[in-house]
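Beneath this line is the structure, given in structure tokens, with notes to follow.
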Amino acid sequence: MRLFVTYTPAAVAMLDRDMRYILASHRWLIDYGLSDREIIGRSHYEIFPDIPEGWREVHRRCLAGASEGREEDPFPRSDGSVDWVRWKIYPWHTTSGEIGGIILFTEVITERKRLEETLRKQAKTLQELSTPIVPLSQAVLVLPLVGVVDSVRAQQMMQHLLDKVVERQARVAIIDITGVPHIDTHSAAALVQVARAVRLLGAQVVLTGIRPEVSRAIVGLGIDLAGIVTRRDLQSGIAFAAATAPEAAPSPALARAPESNGTTRRVEELA
């Protein structure tokens with residue numbers, strides 16, 4: 001038992017009823033920075049004096065016969081840092097059947113949590129890049145689309161655009177599809193769905209940049225664009241927004257409008 005616990009690649013510790021260490025694996029010592037300390041015979045709460053009361057309560061329940069575990073749990077350290085731990089705790093029994101203490105199986109997953117947070121932030125950044133919304137003024141937003149519009153991107157686009165419309169109380173939302181290479185049934189339906197959702201918030205949707213081949217595809221698919229204002233290009237869409245809400249006209253000194261190739265040019269060059 002001693003050899004097994006000591007050399008198992010997992011972080012394992014065996015404690016008695018007074019929470020004193022009986023055995024601890026090498027992995028346990030490494031994960032919790034205890035390699036240079038002698039912990040056998042010492043109290044777990046002496047080794048970790050700042051352990052939260054919630055953990056102590058878990059220990060008491062397991063010493064009473066419960067078995068508990070969690071996939072992730074914050075573990076504050078004495079230096080102010082926080083580790084994330086996946087853990088399971090079981091009672092162990094003597095030969096007479098009495099509970100002699102508890103065995104802790106843990107895995108420090110702090111690096112995994114950091115990686116997940118990094119990936120989450122990167123995903124959010126990529127989402128924002130895939131649906132960039134440019135405010136031309138307080139009341140006019142432009143969503144330039146480049147590339148394929150699939151169902152996942154359409155859902156992201158809708159959520160992002162609706163949030164911005166509400167946030168800025170926008171009156172006109174221009175969706176420019178100059179950079180969309182082709183339109184199929186799903187992408188066209190997605191655009192219509194986005195437009196209808198925006199209209200429910202009281203904003204007018206203007207669809208710009210419809211190229212001839214895209215126009216033929218929309219007609220061939222029988223897509224109904226009723227209720228959606230269409231304009232030939234972004235310049236015409238901005239002019240419509242200015243005419244619809246004169247007070248919402250973009251400021252030439254501040255606003256910049258995106259082109260389909262990802263670069264920007266000043267609104268006054270478009271208008």
State plainly whether one hydrophobic cluster holds both Tyr45 and Val58, where clusters connect Ile, Leu, Val, Met, Phe, Trp and Tyr through side-chain heavy atoms under 4.5 angstrom apart.
yes
Quick check on the hydrophobic clustering: are Val229 and Val140 connected, directly or via other members, by side-chain heavy-atom contacts under 4.5 Å?
yes
Does His44 reach the side chain of Trp55, with side-chain heavy atoms less than 4.5 Å apart?
no
Greater than 12 external heavy atoms within 6.0 Å of Arg232's CZ:
no
Single-linkage hydrophobic cluster, 4.5 Å side-chain cutoff, Leu200 and Val206 together:
no
Does CZ belonging to Arg112 count more than 12 external heavy atoms closer than 6.0 Å?
yes
From CG (Leu115) to CD1 (Ile109), nearest 0.5 Å
12.0 Å
Honestly curious: do Ile228 and Leu161 fall in one hydrophobic cluster under the side-chain, below-4.5 Å linking rule?
yes
State, yes or no, whether a side-chain contact exists between Thr208 and Phe240 at a heavy-atom distance under 4.5 Å.
no
Aromatic plane relationship, Trp28 with Phe48 - under 30° parallel, 30 to 60° tilted, over 60° perpendicular
perpendicular
Does CD in Glu53 sit with more than 12 non-hydrogen atoms of other residues, nucleotides or ligands closer than 6.0 Å?
yes
Side-chain heavy-atom pair Ile47, Arg37 within 4.5 angstrom cut-off
yes
Backbone N or O of Asp18 within a donor-acceptor pair of the Asp16 side chain at under 3.5 Å?
yes
Please answer: with hydrophobic residues joined when any side-chain heavy atoms are less than 4.5 Å apart, are Ile39 and Trp87 in the same cluster?
yes
Test side chain to side chain contact (heavy atoms under 4.5 Å, CB included) on Val12 and Ile103 and set out the steps.
CA-CA 7 Å; Val12 181; Ile103 299 181; 3.9 Å; yes
With side chains defined as the heavy atoms from C-beta onward, is the minimum distance between Ile102 and Met19 less than 4.5 Å?
yes
Between His59 and Leu15, is there a side-chain heavy-atom distance shorter than 4.5 Å?
no
